[in-house]
Each structure stands twice: as structure tokens, then as C-alpha cells.
Visitor: 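This is the structure I want to talk about, given as C-alpha cells.
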Amino acid sequence: MNTGSSSDERTFAEYRSELDAVEKRIAGEIDPGARAMVVAGAVFALLVSLVLPHAGAARGFDVLLDTQVAQDEHIGLPSRLFVWFVVIFGIGFSLLALMTRRWTLAWIACAGSAVGSVFGVLSIWHRQTPGLGNYVGAGPGIGLILGTVAIIVLTFHWVRVVWSRTALQLAAEEQRRIAAAEAEERDRRRLGGE
């Protein structure tokens, strides 16, 4: 009876290590499903927002590169940070996450887009607030507004993707629970002398 028990434990150990490896691999992946199209559309809208005016004559790329046009329009720090967050997280990490389907990249895109959303709203507010010496510049442009709305939509959808669990993840978790219950029952029987 000992021989059978040790072979069962060895088989279970092999099964458990294999199950752990599969579950770990699956846990690192995302399945955005139909949300992938919405995310791709939001990324496209962010790209378009970079060529549209953010304030006065300053376009998104002018703000990004801090050109003379952006300086003439008195583009502030919130707008510059917003555009960098759009490029790095809203476009860069979002595209990487969609292509590789890695959970970590999706989480980074989600977090960066969330912070970018805050800077987008601050940028709009900043363009509507008088500056030093009561300087009143051009208000927020269509590019700034479109970029802010797009990154808010992107944040919402990345949150939904990151927190959702795929059918494979749920199945692997259920198998792991069953295997743990079987192991507990076997240990109970073995210790109880059954």
C-alpha cells in the first residue's frame, strides 16, 4: 500500500508542477476580446490628437517637441506632461500590450493612461486659467480635448481588460482548487490510517 501511495504522491507532484506552470503562463496573458478594437480606436484618436491644435497654433507635436510655436502659446507643464503620457503610455504601451497580449504591459498602459487622464483634464483647466500678469492665451484646442477624451476612454477599457479574467484562467484556477482538495483528502486519509 505504501508503494501505491508514493507513486500517487509522485504523480500528483508532477501534475501539480505542470499545472502551476500552465497557470502561471495563462495568468500573464490578457484577452481583450472586442475591447481590442475600442483600444485600437482610442490609440488612433490619440495619434490624430497630436496633429490637431492643442492651444492656438501649437499642435500636439509642437507641444511634444517644445518648439517655438509652443513657447509662443505659453504651453504649460501640464500640457507637456500630458502629451508625453499620451505618447509613452497611451500609444506606446497600449500598442505593445495589444500586440503581445501581456498582462504586465496592459497594466502599465492602464496606469500610465490613468495618470495621463489627470494631466489631460489639468491641461484643459490650465488653458482656461489666466497666467502671470493676467495673460490670457488661447483656450484648449480640439486636439487637447480629443486627446483627453481618448485617453479617458483608453483608461476605462484598460481597467476592464486588466481586471477581467479569461475563461482559461478561471478553468486553471478551478483545476488547481480541485487538485488541492484531492491532495488534502489524500493526506487526511493517509494520516487517519484509512
Visitor: I'd like to know whether His54 forms a side chain to side chain contact (heavy atoms under 4.5 Å, CB included) with Val83, so could you lay out the CA-CA distance, the side-chain angles of the two residues, the decisive distance to 0.1 Å, and finally the verdict.
Guide: CA-CA 10 Å; His54 273 234; Val83 172; 3.8 Å; yes
Visitor: How long is the gap from CD1 on Ile145 to OG on Ser49, to the nearest 0.5 Å?
Guide: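 Reported to 0.5 Å precision, the distance equals 11.5 Å.
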Visitor: Is the shortest side-chain heavy-atom distance between Gln128 and Pro140 below 4.5 Å?
Guide: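 Answer yes - side chains close enough.
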Visitor: Is the shortest side-chain heavy-atom distance between Phe82 and Leu122 below 4.5 Å?
Guide: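 Counting from C-beta outward, Phe82 and Leu122 never come under 4.5 Å.
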Visitor: Verify side chain to side chain contact (heavy atoms under 4.5 Å, CB included) between Phe156 and Arg35, making sure each step is shown before the conclusion.
Guide: CA-CA 10 Å; Phe156 172 77; Arg35 290 189 188 282; 4.3 Å; yes
Visitor: Flag the pair Leu77 / His126 as yes when at least one side-chain heavy-atom distance between them is below 4.5 Å, and no otherwise.
Guide: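 Result no, sub-4.5 Å side-chain heavy-atom pair not found.
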Visitor: Would the number of heavy atoms belonging to other residues, nucleotides or ligands and lying under 6.0 Å from CD of Gln68 be above 12?
Guide: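 It does: Gln68 CD has more than 12 such atoms within range.
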Visitor: Salt bridge or not for Asp187 and Arg190, using N-O below 4.0 Å?
Guide: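 A salt bridge is present here (some side-chain N lies under 4.0 Å from a carboxylate O).
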Visitor: Could you walk me through whether Leu144 and Leu52 satisfy the side chain to side chain contact (heavy atoms under 4.5 Å, CB included) test, starting with their C-alpha distance in whole Å, then the side-chain angles of each, then the deciding distance to 0.1 Å, before giving a yes or no?
Guide: CA-CA 8 Å; Leu144 180 58; Leu52 294 174; over 6 Å; no
Visitor: Is there side-chain contact between Thr67 and Asp72, with at least one heavy-atom pair below 4.5 Å?
Guide: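 Side-chain contact under 4.5 Å: no.
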Visitor: Between Val39 and Pro32, is any pair of side-chain heavy atoms under 4.5 Å apart?
Guide: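 The answer is no, as the side chains (C-beta and beyond) never meet within the 4.5 Å cut-off.
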Visitor: Could you check whether Arg189 pairs with Glu185 (Lys NZ or Arg NE/NH1/NH2 to Asp/Glu carboxylate O, under 4.0 Å)?
Guide: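 Salt bridge: yes.
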Visitor: In terms of hydrophobic clusters joined by side-chain contacts under 4.5 Å, are Leu46 and Ile88 together?
Guide: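 Yes, it is one cluster - the side chains of Leu46 and Ile88 are joined through contacts under 4.5 Å.
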Visitor: Parallel under 30°, tilted from 30 to 60°, perpendicular over 60°: which one fits the rings of Phe89 and Phe93?
Guide: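 Parallel, since the angle between the ring planes stays under 30°.
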Visitor: I'd like to know whether CZ of Arg80 has more than 12 heavy-atom contacts from other residues, nucleotides or ligands below 6.0 angstrom.
Guide: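 Check passes, neighbour count above 12.
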Visitor: At their closest point, which heavy atom of Leu154 faces which heavy atom of Ser94, and how far apart are they?
Guide: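 Looking at all heavy atoms of both residues, the shortest contact is CD2-OG, 3.5 Å.
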